[in-house]
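Quick notes on the structure that follows.
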Amino acid sequence: MFRKIKTIAILLFGISYSVFSQEKIAIYLDDTKTISERVEDALSRMTVEEKIAMCHAQSKFSSAGVPRLGIPEFWMSDGPHGIRPEVLWDEWSQAGWTNDSCIAFPALTCLAASWNKDMALLYGKSIGEEARYRNKNVLLGPGVNIYRSPLNGRNFEYMGEDPYLSSKMVVPYIQGVQQNGVSTCVKHFALNNQETDRFGVNVNVDDRALYEIYLPAFKAAVQEGKTGAIMGSYNLYKGQHCCHNQYLLNDILRKEWGFEGVVVSDWGGVHNTREAIFNGLDIEFGTWTDGLTMGATNTYDSYYLAKPYLNLIKKGEVGTKELDEKVRRILRLAFLTTMNKNKPFGSFGTQEHALAGRKIAEDGIVLLQNKNNILPIDLSKVKKIAVIGENAIKMMTVGGGSSSLKAKYEINLLEGLKNRAGKQTEITFARGYVGDASGSLDGVNTGQNLSDNRSADVLLAEACTVAKNADYVIFVGGLNKSEHQDCEGNDRLTLNLPYNQDKLISELAKVNKNLVVVNISGNAVAMPWVNEVPAILQGWYLGTESGNALAAVLVGDVNPSGKLPFSFPVKLEDNSAHALGEFPGKNGQETYNEGIFVGYRWHDKKNIKPLFSFGYGLSYTTFEYGKVTAEKKEITSSDKITFTVTVKNTGKREGSEIVQLYISDLKSSLPRPVKELKGFEKVSLKAGETKTISFTIDKAALSFFDDKKHEWVAEPGDFEALIGASSTEIKSKIGFTLK
Ligand code: GLC
């Protein structure tokens, strides 16, 4: 009897001990439990010091996990166009690994120019696989800041001037990345639309522009894309730094949009412990704290959310409620990424990814002009092609700031054209101009020696000589990733092309009528020679397979199908930020005087004809649109309405056409743009083929943000649905009424 009692007693003690002691069943490790159960269990086991450690960096690109509980640390990596080479623990420059040369994908302006959601998914999947393979848990991208001015240095990393296009293109990118168990970190939230004074400029913008123009792509990233993280921007809004901003992070991101993910600061974007505690920041990165030099070894203990935060808690000056909220969100992200046992293994530097990048590049290249159809070049009839210009040989995957990469390889246009032409056509080259002969960033070197100390006149004369007796001349110029070009950290100083290219292009046009200008840029540029040049191609920063993609379009293997994601103004003053504002601001203030009238919204309002309009792009074939029809003449606010239009390929070869739907509110109580993009569809058509495209919209597409009521409003009245091949080529329209 006694023995039985003893056995039962031991058994009871054992069970009770395991239940109530630290050894209780590790629910947080059990992925059959819900994420919130696992979060609460993990949180309950953590000390305050462990919680604090999770809220700030421990190295340049990593933040702490909880080693004692087997919760791994987070590894972040730039960037939106490819996975940055490994850096040393606390350095920006690369660590010199030999297995981290990535595939460089096209810049996001090119992805946006494809207007192809399938390409966005392919892009996200591919770059997500590269990140996963390198065990990066958070990809610091994509960027979706709106293209407000053609001078913004980082527009090449973003998706253009229209919030609807950016919203629709960012969602599949996020989904593609996150299916790899890697989280995106959509940036830079918000109003980071210039590089000048980026750490300190306070942006003044009215609520209508904020909600109708600058926030929608982030809202789509959160509510449709379900991005696991958001990066705060460096600038200020309403006097608070955006990395710890009550209005943007607590009021809008969390309360209005229901964001459950993690807010990461931009690197060095945190300036205040109390604001960082209470205004919605979760993880602090890249801080240079007061009294410490850059990179001092114990910097991380001195981060605003490190010892200073712990001290405030220990002194009882702040509680731990906010800390627990931060850590809950970080743990949730961990269960979706670092601790997700089902995530794939990824792949890195593969031919599959290179071909994906090439496909995206080919889908985003925009044919802007093609007089007398001199393009495509029929290689069977051409003996000699002269390629002129530094951008035909300059590697562009290195440079431009944090999106710079160590690419496994990069094919430039000269190489791509030679690859494609083979022996049948002689390809000659002349430098034409010397722009930026440098070729390294953060310890990554292109290996090119572009030095050339000949004078501009000598280079010009050589170019004209080489061009004169060629069947075709392909000038490859534009911008590059140097300072005051397409580059993080500073803005362009002019809309004009640098390095005297305008003169060179005009001279080339005089010596050869078969001149094609390929503009490599992430921004609009002035083209004073536009009427002297028969053909113009907008090539973006196209990454690893640049030259092959451009060659394929030039010789007609690929029929170009991209359309511009932003307007090309004739002159800077035609752009609203420059017509109405003092871009880039003064005394630390930048006011968006143009409000909602950004890009084509401004051109429409003031009847300003752009050089090339938003949504514009040609093809090697032609398309004919039928008349748009509507399924009904009037709708109530709970209805949907479908518009239908036929498109026919009236040319001799297959091609894809991007059909655009714009909505016009004919009468509204508040000022509205003449029209706004509310639908698009890219459709492939064989020669002679006709397809029917339908667009179904609801009241959301009719609404504007009423800043007085602080809500979206669809006002009853008359509207028009306009079908366009671009924002300035409206093919047909039809009226309808919202009752
Ligand atoms: C940079 C950029 C940001 C980047 C981060 C890490 O300053 O603003 O886009 O992801 O710091 O490199």
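It should be emphasised that the depicted structure is a prediction, and the values quoted were computed from it without experimental measurement. In each ligand, atom 1 is the first atom listed, and ligand 1 is the first ligand listed.
- Annotation: ligand 1 has protein neighbours F61, D78, R84, W92, L140, R154, K187, H188, R198, M231, Y234, D266, W267, S402, E488, each with a heavy atom less than 4.0 angstrom from the ligand.
- Side-chain N/O atoms of N480 and D436 include no donor and acceptor closer than 3.5 Å.
- Listed by chain and residue number, R68 satisfy the salt bridge (Lys or Arg N to Asp or Glu O under 4.0 Å) test with E50 (two or more places apart in sequence, or in another chain).
- Residues that satisfy the side-chain contact (heavy atoms from CB on, under 4.5 Å) test with P584, not counting sequence neighbours, are Q194, T196, D491.
- In this view, D78 and F61, R84, L140, K187, S402 satisfy the side-chain contact (heavy atoms from CB on, under 4.5 Å) rule, not counting sequence neighbours.
- With hydrogens and angles ignored, the 3.5 Å screen pairs a side-chain donor or acceptor of Q178 with a backbone N or O of K226.
- Partner D282 forms a salt bridge (Lys or Arg N to Asp or Glu O under 4.0 Å) with one of R328, R332, R254 and no other, that one being R254.
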